[in-house]
Amino acid sequence: MLAKSFFATVFRSLSRSLSRTRAITVKELRQLSRDRMTFGMIVMIPLMQLMLFGYAINTDVRHIAAGVVDMSHTSYSRDILQQLNASQVVSFTRVYDSIPAAEQAITNGELKAVLYLPPDFAQRLVSHPAFTGKSSPTARPIGQWLVDGSDTMIASTLRSLRQMPLDALANRTPSLSVPTFETVQYFNPEQRSVVNIVPGLLAIILTMTMILFTSAAIVREREQGNMEFLIATPVKSFELMLGKIIPYVLVGLIQVGIILIMGHLVFDVPIRGGMTSILTANLLFIFASLTLGLVISTIAKTQLQAMQMTVFLLMPSILLSGFMFPYEAMPIPAQWISETLPATHFMRMIRAVVLRDAAITELSKDALWLAGFTVLGLIVASMRFKKQLD
């Protein structure tokens, strides 16, 4: 009798607990159905991951921007260029008269590689053992590949072009080696991946922290009940937006110093750029990221929504900016999307400045884009905040 009473009591208690749990579950589901932003994230995040990983992300690098310094101007050199273009690994977009001019293009980030064909290219080719049929331990390289070694994945792809295309060797003796190009790797001759990763981490870390800091700025004021106080003050919308981001600029610069100093001391990452260029590039990106966070803050209704939108933007910034996968390997539509992200422009700038000692004036396109993005973002955020006040 006592056992039956005990089990009945336990059953009723469990039944009431399940009933209360069901009530809370129903309440949460209803609240979730009303939160369009969260529901959108539930659908969009897996869809975006699927599209990015399945379509946009590609490790097979093709159409690498390359230049040529052809001092030979022979039918052999023209045939080589045609064969290399046909491989679709490189695309020769520019012709230079001298190696220094080509090297400057690599430093500026305009090209990833340059093929140098010396004046005696034809002589080197026809005197190579592959053509003469006579083995020789002193066979000279027939030319040079000048490669930007700061991007290790692209550099390793270009190393596959060290051998001359076989289709161009009509008279080659099959039993002997193929003529080769000498490879000269600038900025990272040891091919250490950390040299490429550490400057790129600046873009990812600043994107995550700067946007996260300001994405909840306006939402926090609303949730804490300070919105009425802000409305009553003589502060204008643009002044409020500017005042919201300035304190975090110092935070961003501290993070930059930590990453660069520790990267140099711990991982021996070279810092070749001048302090003025490094500071300018980072300030442009910090302001752009903080401004993007402010725009998110004027759209989100809660801090949770602001965080969800930040995560939504962080993923393409990591995958499409060139941090993990080469920009050149992405399909054209993915490159268009990539160009709308501040991280993409900063990734090119910071790697060029830190690793290749490029000047900001040589990166004016990306610098102006970030500056324009900041101004436009501040205007949009101010207008949206003014609309909310009305």
Side-chain angles (χ1 to χ4, degrees), residues 58-189 191 326-330 332 356:
N58 186 3
T59 57
D60 297 327
V61 186
R62 290 288 183 269
H63 304 293
I64 299 172
V68 61
V69 180
D70 185 2
M71 308 299 290
S72 173
H73 301 291
T74 62
S75 59
Y76 288 108
S77 63
R78 288 189 291 271
D79 192 31
I80 283 290
L81 296 177
Q82 291 176 358
Q83 294 293 333
L84 289 171
N85 263 323
S87 71
Q88 298 185 358
V89 176
V90 294
S91 295
F92 292 106
T93 57
R94 300 190 183 186
V95 178
Y96 297 92
D97 297 327
S98 65
I99 289 182
E103 290 175 331
Q104 187 61 46
I106 294 177
T107 300
N108 297 346
E110 299 170 9
L111 301 174
K112 293 296 184 181
V114 171
L115 178 63
Y116 171 66
L117 302 177
D120 60 344
F121 170 75
Q123 181 181 351
R124 292 189 185 199
L125 187 61
V126 298
S127 62
H128 193 277
F131 283 84
T132 62
K134 299 177 181 180
S135 179
S136 172
T138 60
R140 295 183 299 171
I142 59 175
Q144 279 186 330
W145 274 108
L146 312 178
V147 179
D148 177 8
S150 61
D151 193 325
T152 52
M153 189 174 293
I154 289 181
S156 63
T157 301
L158 288 168
R159 283 202 301 271
S160 67
L161 299 178
R162 290 184 68 248
Q163 288 190 339
M164 186 176 177
L166 293 178
D167 292 345
L169 306 178
N171 300 320
R172 172 179 174 261
T173 302
S175 61
L176 296 175
S177 61
V178 178
T180 60
F181 295 98
E182 181 184 18
T183 301
V184 179
Q185 293 191 163
Y186 296 133
F187 316 119
N188 187 16
Q191 279 296 283
Y327 177 88
E328 291 79 4
M330 300 177 192
I332 298 300
R356 303 196 296 269

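All residue numbers in this chain count up from 1 along the given sequence.
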Within-4.5 Å side-chain heavy-atom neighbours: Tyr186 and Val147 = no

task = Please tell me if the side chains of Thr152 and Asn188 come closer than 4.5 Å, counting only heavy atoms from C-beta onward.
result = yes

request  = Would you check if Trp145 and Val184 make a side-chain contact, meaning some heavy-atom pair closer than 4.5 Å?
outcome  = no

task = Nearest 0.5 Å please: distance from the CG atom of Leu117 over to the OG1 atom of Thr74.
result = 8.0 Å

message = So, taking the atom named OG1 in Thr107 and the one named CD in Glu103, what distance separates them when rounded to the nearest 0.5 Å?
response = 7.5 Å

ask   = Taking it one step at a time, do Leu146 and Ile99 satisfy side-chain contact (heavy atoms from CB on, under 4.5 Å)?
value = CA-CA 9 Å; Leu146 312 178; Ile99 289 182; 3.9 Å; yes

ask   = Side chains of Met71 and Pro118: does their closest heavy-atom pair fall under 4.5 Å?
value = no

ask   = Are Thr180 and Glu182 close enough, and set up right, to give a side-chain contact (heavy atoms from CB on, under 4.5 Å), and what steps lead you there?
value = CA-CA 7 Å; Thr180 60; Glu182 181 184 18; over 6 Å; no

request  = Identify the two heavy atoms, one from Ala155 and one from Gln185, that lie closest to each other, and give their separation to 0.1 Å.
outcome  = CB-OE1, 4.0 Å

remark   = Which of Thr157, Ile64, Val61, Leu81 passes side chain to side chain contact (heavy atoms under 4.5 Å, CB included) with Val90? Answer is Ile64

Taking distance alone, no hydrogens or angles, what donor-acceptor pairs closer than 3.5 Å link side-chain atoms of residues 109-116 to residues at least two apart or in another chain?
residue	atom	partner	partner atom	Å
Glu110	OE1	Arg94	NH1	2.6

query = Which heavy-atom pair separates Tyr96 from Gly67 by the least distance, and what is that distance?
reply = CE1-CA, 4.4 Å

ask   = Quick one: side chain to side chain contact (heavy atoms under 4.5 Å, CB included) partners of His63, sequence neighbours excluded?
value = Gln88, Ser91

query = Is any side-chain heavy atom of Phe121 closer than 4.5 Å to a side-chain heavy atom of Ile80?
reply = yes

query = What is the minimum heavy-atom distance between Ser156 and Met153, and which atoms define it?
reply = OG-O, 2.7 Å

query = Side-chain contact, heavy-atom cut-off 4.5 Å: Arg356 with Asp148?
reply = yes

query = At what distance, to the nearest 0.5 angstrom, does OH of Tyr76 lie from CD of Gln123?
reply = 12.0 Å

ask   = Judged by atom type as modelled, is there a donor-acceptor pair below 3.5 Å linking the side chain of Arg62 to the main-chain atoms of Ala329?
value = no

request  = Side-chain contact test, heavy atoms from C-beta onward, threshold under 4.5 Å: evaluate it for Tyr327 versus Ile154 and give yes or no.
outcome  = no

